[in-house]
Amino acid sequence: QVQLVESGGGLVQAGGSLRLSCAASGPTFRRYNMGWLRQAPGKEREFVASITRTGDTILYADSVKGRFTISREFAKNSMYLEMNNLTPEDTAVYYCNTDRSLGTMYNRNGPFYWGQGTQVTVSS
């Protein structure tokens, strides 16, 4: 089983930047496609970005394209989300996950291992 721990959230002004980290436990980190999702108050959890286990296929939600960058570092069993030009609409709890289906592409239907989430708040 993979355990995930997010960090890096916080309070930032509009236009600012944050870098989220997702640290994974276990030797099987390389097997999984991974993703970031977020959930704003009163809204459903939504897809933000994904990266395949090889790192060669990356996808973004239209709302973050050009502002967010997903990456992973195998040596540190970690995944990152660099967020720039943040807006109040980016305020949410951000979750990382690993796609347990072990396909060649990230499967948005999962199943997943989930982290506990990290709060990102963007003030106007």
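Starting from 1, each residue takes its place in the sequence as its number.
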Visitor: Between the main-chain N or O of L20 and the side-chain N or O of E6, is there a donor-acceptor pair closer than 3.5 Å?
Guide: no
Visitor: When rounded to the nearest 0.5 angstrom, what is the spacing between NZ in K43 and OG1 in T91?
Guide: 10.0 Å
Visitor: Quick one: are S124 and P88 in side-chain contact, heavy atoms under 4.5 Å?
Guide: yes
Visitor: I'd like to check Y60 versus T69 (side-chain heavy atoms, cut-off strictly below 4.5 Å). Are they in contact?
Guide: yes
Visitor: Side chain of R53, backbone of R30: donor and acceptor closer than 3.5 Å?
Guide: no
Visitor: Using the side-chain contact (heavy atoms from CB on, under 4.5 Å) rule, take T57 and M105 through it: C-alpha gap first, then chi angles, then the decisive distance, then the call.
Guide: CA-CA 8 Å; T57 301; M105 297 292 291; 3.3 Å; yes
Visitor: Show the nearest heavy-atom pair for residues G110 and S101, with the distance to one decimal.
Guide: O-CB, 3.8 Å
Visitor: Between OG of S25 and CG of N77, what distance do you get to the nearest 0.5 Å?
Guide: 8.0 Å
Visitor: If you define the side chain from C-beta out and look only at heavy atoms, does anything of M83 sit under 4.5 Å from D90?
Guide: no
Visitor: Would you say the side chain of F112 lies within less than 4.5 Å of the side chain of D99, judging by non-hydrogen atoms?
Guide: yes
Visitor: For the side chain of R67 and the backbone of N85, is there at least one donor-acceptor N/O pair under 3.5 Å apart?
Guide: yes
Visitor: Can you tell if the side chain of N97 reaches within under 4.5 Å of the side chain of W114, non-hydrogen atoms only?
Guide: yes
Visitor: Measure up the Y106 and F47 rings against each other and bin them: parallel (under 30°), tilted (30 to 60°), perpendicular (over 60°).
Guide: tilted
Visitor: Students often mix this up, so state it plainly: with edges at 30° and 60°, are the rings of F68 and Y94 parallel, tilted or perpendicular?
Guide: tilted
Visitor: Would you say V2 ends up clustered with W36 if hydrophobic residues are merged whenever their side chains have heavy atoms under 4.5 Å apart, either directly or through other cluster members?
Guide: yes
Visitor: Within a strict 4.5 Å, meaning less than it, do heavy atoms of the E89 and S63 side chains meet?
Guide: no
Visitor: Hey, quick one: are M79 and V120 part of the same hydrophobic cluster, counting side-chain heavy atoms closer than 4.5 Å, chains of contacts allowed?
Guide: yes
Visitor: With a 6.0 Å cut-off (strictly less than), is the heavy-atom count around CD of Q39, excluding the residue itself, greater than 12?
Guide: yes
Visitor: Which heavy atom in N84 sits nearest to a heavy atom in S17, and how many Å separate them?
Guide: OD1-OG, 2.8 Å
Visitor: Establish whether V48 and L18 are linked, either directly or via other cluster members, by ILVMFWY side-chain heavy-atom contacts under 4.5 Å.
Guide: yes
Visitor: Can a side-chain donor-acceptor contact be found between N33 and T52 if the only test is distance below 3.5 angstrom?
Guide: no
Visitor: Is a donor on one side and an acceptor on the other found under 3.5 Å between the side chain of Q116 and the backbone of V5?
Guide: no
Visitor: Roughly how far apart are I70 CD1 and C96 SG, rounded to 0.5 Å?
Guide: 9.5 Å
Visitor: I'd like to check R38 versus V64 (side-chain heavy atoms, cut-off strictly below 4.5 Å). Are they in contact?
Guide: yes
Visitor: Apply side-chain contact (heavy atoms from CB on, under 4.5 Å) to the pair M34 and L4, showing each step before the final yes or no.
Guide: CA-CA 11 Å; M34 299 187 68; L4 304 171; 4.2 Å; yes
Visitor: If hydrophobic clusters are built from ILVMFWY residues whose side chains come within less than 4.5 Å, do V122 and L81 share one?
Guide: yes
Visitor: For residues R19 and E82, determine if any side-chain heavy atom of one lies less than 4.5 Å from a side-chain heavy atom of the other.
Guide: yes
Visitor: Hydrogens and angles aside, do Q119 and T121 bring a side-chain donor and acceptor to less than 3.5 Å of each other?
Guide: yes
